[in-house]
Each structure stands twice: as C-alpha cells, then as structure tokens.
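Position 1 is the first residue of the sequence, and the numbers go up from there. Every number for a ligand or one of its atoms is a count from 1 in the order of the listing.
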Amino acid sequence: MGCTVIIGTQWGDEGKAKMIDYYSQKADIIVRYQGGANAGHTVVVNGKKHVFHLIPSGILHKGTICVIGNGVVLDPVQLIEECQLLEKEGIDVRKRLYISDAAHLLLPFHKEMDAAMEEARSNKIGTTKRGIGPCYADKCLRVGIRVGDIFDEEYLKERLTTALTVKNIQFERCYNRKGFAFKDIYDLLMQFKSYAGNLAINTPYYLNTEAKKGKNILLEGAQGNALDIDHGTYPFVTSSNPSIGGAIAGSGINPFLIHEVVGITKAYVTRVGEGPFPTEEKGEAGEIIRQRGGEFGATTGRPRRCGWFDMELLKHTIRINGITTIVLTKLDVLSGFEQIKVAVGYSVNGKKIDYFPSAMQDKIVPLYEEHPGWEEDISQCTSFKELPKNAQNYVKFIQDSLQVPISIISVGPDRNNTFEMK
Ligand code: IMP
C-alpha cells in the first residue's frame with residue numbers, strides 16, 4: 001500500500017469516511033491533513049453510527065495510529081469531547097493519537113468571528129460556523145497560536161494578548177459583539193495541555209521516518225476538490241486545500257513516497273452551502289436523491305443540494321490531483337430512475353468549453369446525455385457482474401469517459417455493502 005492519499009472529488013460528502021474505514025484495514029498510520037471540525041465523517045460499523053469531526057475515523061481500527069497533521073485547524077474543545085466519547089466506547093484513543101505541534105489551534109473567538117462575518121455578509125457562503133476561515137486567516141496573517149506554543153507559557157501569553165487585543169476591538173466595534181477574556185482562553189489552552197499535550201509531536205519527522213521503515217500510511221482529505229480554496233468554486237469554498245497540494249503541505253510527507261491517489265466519487269453530485277453547482281436538480285429528481293441518499297449534512301444537519309453526475313468537474317479534479325483510481329459510491333441511490341442524466345460538457349455564454357472554468361462558474365450550462373436507469377435494489381450486490389445491465393453500463397460509461405479505473409463500488413452505508421471491481 002505504501003503511502004495513499006484519499007481525496008473527495010466533488011463538493012465533499014462523497015462517502016470518504018466509509019472508504020477511509022475500508023482502506024484503514026491495511027493502514028498502519030492514518031493522517032488528517034487539512035480542514036477542522038467542519039468535516040463530518042459518518043462510519044457505520046455493525047449497524048452502529050459513529051460521527052467524527054476531527055479525529056481520523058481510522059481510530060476505530062485497533063492498533064492503527066492516527067495523526068492530526070500540521071495543516072489541520074484543531075479545535076481543542078472538540079478534540080477533548082471526541083476523545084472522551086471514544087474512551088467511553090472503550091477505544092484507547094490517547095494511546096494511538098498524535099497531534100502536530102505545528103497545527104493551528106482553533107479557539108472560541110474564531111467560531112464567533114465565523115458567525116459574525118457570515119451574518120454580516122450580503123452574499124453568504126453558508127459556512128459550517130466552526131471557525132475554519134478565521135483560524136486559517138490568522139495562520140496566514142501570522143498571528144495564529146500553534147499547538148507547540150502552549151509549552152512556553154510566557155510566549156503563549158504574549159501571543160494570546162496580541163491576538164485578543166486586535167480581535168476584541170473588531171468584535172466590539174465592527175460586529176457589535178462582546179470580546180473574549182484572556183483568562184477564559186488561557187485556561188482552555190491549559191486544560192488542553194494537560195489533557196492532550198503529551199500527544200504533540202513533530203509529525204513530518206515521525207511520518208517520513210515511519211514511511212521509510214515501510215509502514216503503510218493513509219492521508220485522509222476532508223471536504224472535496226470543488227471546495228478547494230485554489231481550485232474550487234471561489235469564494236464559495238472552504239479555507240484550505242483538500243486537494244493533493246494540501247496533503248503534502250498539511251502533513252509534511254515527502255511527495256515521492258506517495259503511491260496512490262484515490263478519488264472518492266459519488267454516483268451523483270451534492271453540495272452543502274451556497275455557490276455554483278452546474279448540475280443541480282432543483283425539482284423532483286433532486287428531492288428523490290436527497291431522500292433516498294439521506295443527503296443531510298453530518299455537521300450542520302442542513303439538507304444537501306443534489307444533482308446529476310458532472311464529468312467536467314471530475315476531469316478537473318483528476319487533472320489537478322493525479323487521481324490514480326476511483327471509488328464510486330452510493331450507486332444504489334440511483335435505482336428507480338427511468339433515465340439518469342450525466343453532464344458530459346459545458347457551455348458558458350453560448351460557447352462550448354472542455355474544462356472547469358475558474359471564473360463565471362455560475363454561468364456554466366451543462367450539456368447532458370441521458371442513460372437508461374434500472375429498477376432493481378442493488379444494495380445486496382457483491383460483484384460487478386451482479387449489477388443490472390444498465391447499472392453496469394452507467395459505471396463503464398463513467399470509467400471510459402474519465403480514463404481512470406474504478407476500483408471499488410459502494411452500494412450501501414455498511415462496510416459490507418462494498419465490492420471490488422475485478
Ligand atoms: P467552512 O469550511 O465552514 O468555512 O464552509 C465553507 C463551505 O464549505 C460551505 O459551503 C460549507 O458547507 C462547505 N463545507 C465545509 N466542510 C464541509 C464538509 O465536510 N462537507 C461538505 N461541505 C463542507
């Protein structure tokens with residue numbers, strides 16, 4: 001297996017958690033490299049639902065080491081909560097979790113700022129209000145507080161005083177909100193230090209050393225390529241790089257150690273929050289997909305917008321990330337449609353284009369092809385051969401158009417509703 005990266009190829013919620021869980025069976029170490037508690041990973045094991053926001057879902061595999069990389073914005077309150085929950089379930093999380101000492105800490109004022117900015121915007125992004133944008137903004141402004149800072153109390157006090165002075169002025173004058181007391185944040189950081197401080201290590205050193213020893217490492221992306229701050233539908237994106245660049249920068253892994261880049265791809269498309277979505281189906285078909293697919297956000301509970309498979313979006317993701325193999329998820333949700341639409345090209349302002357444009361994405365008009373659907377429930381299928389002919393044709397059509405092998409198909413939420421293409 002070597003070093004494998006898992007990337008969401010659409011707007012997130014492609015079913016990455018289930019596939020990370022699947023790949024985790026062979027992994028020694030699982031790394032999260034970007035995002036924060038905006039992600040919601042739902043894994044079903046033996047019918048029991050587990051939702052994670054921060055800790056890699058691979059923690060459910062006994063013996064697997066999990067790492068929160070430097071590219072993640074780490075909410076200490078959330079981390080403590082998730083650890084406590086897992087420990088209650090009998091999972092020895094703090095014996096198998098490392099945290100990068102270079103990861104930025106996401107603090108209560110980041111969440112407050114996220115909410116304040118979102119409220120003030122006329123053109124809302126529809127963020128998860130988990131503080132992601134403001135925390136990454138502080139990182140770029142070089143005023144952020146990192147995990148490693150909590151071990152030097154004088155330095156920490158100075159950093160926190162500087163950060164709060166500016167932020168409290170902003171809260172009070174710009175957003176008419178109350179500022180934060182130094183003591184409250186400092187105490188929170190000290191609580192985090194005593195609960196999880198011993199998990200902090202230099203993760204690039206650890207990961208590269210272990211990789212060279214031959215350990216199998218899985219790098220798990222949160223969100224998806226279309227939410228990438230550089231390659232997505234800016235400004236309706238998240239504030240990090242879910243794409244391959246984020247995997248390298250956010251973990252510190254030597255890029256030449258990466259063997260495989262797996263693109264997790266839903267058999268249709270969804271997005272949460274605002275922003276361009278060329279193949280969105282606002283009518284009955286969209287509602288059918290939402291209900292059948294249970295398309296409601298794991299973090300916010302918001303109904304997801306639903307639509308048809310978009311080939312141009314996938315080609316864009318494959319191009320940028322060097323996707324070597326595709327996992328096709330939720331194929332079962334499409335059962336029962338007489339015809340299934342697939343966008344096979346775009347036109348913008350009446351002109352055909354063969355790429356996903358960086359600007360004027362709201363002007364994209366998808367050019368559709370229709371494929372005959374299938375009636376049968378396919379959730380119990382255990383091989384490609386068992387799929388109805390039209391479902392086989394749909395899969396083959398996607399694979400041939402993308403020119404990337406589809407290696408695994410998922411036809412239901414449980415670990416067992418998955419088969420390899422042979
Ligand atoms: P933020 O990441 O909370 O700043 O939100 C920015 C955009 O990314 C919003 O449209 C969110 O709905 C979307 N988003 C963030 N995290 C996820 C996720 O894990 N799945 C799907 N969409 C997400």
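Residue Thr300 does not touch ligand 1, judged by heavy-atom distances below 4.0 Å.
Residue contact annotation: Arg302 has a non-hydrogen atom under 4.0 Å from ligand 1. Distances shorter than 4.0 angstrom do not occur between any heavy atom of Arg130 and any atom of ligand 1.
Between Phe337 and Trp308, the angle of the ring planes goes over 60°, which puts this pair in the perpendicular group of the 30/60° scheme. Using a 30° and 60° split on the angle between ring planes, Tyr394 and Phe309 fall in the perpendicular class, above 60°.
Below 4.0 Å from some heavy atom of Asp13 lie the following atoms of ligand 1, by number and element: 20 (N), 21 (C). Residue contact check: Trp11 has heavy atoms under 4.0 Å from atoms 21 (C), 22 (N) of ligand 1. Set against the non-hydrogen atoms of Gly126, the atoms of ligand 1 under 4.0 Å away are 9 (C), 10 (O), 11 (C), 12 (O).
For atom 6 (C) of ligand 1, the nearest protein heavy atom (residue, atom name, distance) is Val237 O, 3.3 Å. Nearest protein neighbour of atom 8 (O) of ligand 1, counting heavy atoms only, is Leu227 CD2, 3.6 Å. In terms of protein heavy-atom proximity, atom 2 (O) of ligand 1 is closest to Thr238 OG1, 2.6 Å. In this structure, the protein non-hydrogen atom closest to atom 18 (C) of ligand 1 is Gln223 CG, 3.7 Å.
Taking any N or O of Glu274, backbone or side chain, none lies under 3.5 Å from an N or O belonging to ligand 1.
Between the choices Ile132, Thr128, Val272, the shortest heavy-atom distance to atom 3 (O) of ligand 1 belongs to Thr128.
When ring centroids are compared, Phe171 and Phe109 stay outside the 6.0 Å threshold.
The neighbour count for Lys26 NZ, taken as heavy atoms of other residues, nucleotides or ligands under 6.0 Å away, does not exceed 12.
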>> Evaluate Ile408 against Glu420 for side-chain contact (heavy atoms from CB on, under 4.5 Å), listing each step before the verdict.
In response: CA-CA 4 Å; Ile408 294 173; Glu420 292 184 18; 4.0 Å; yes
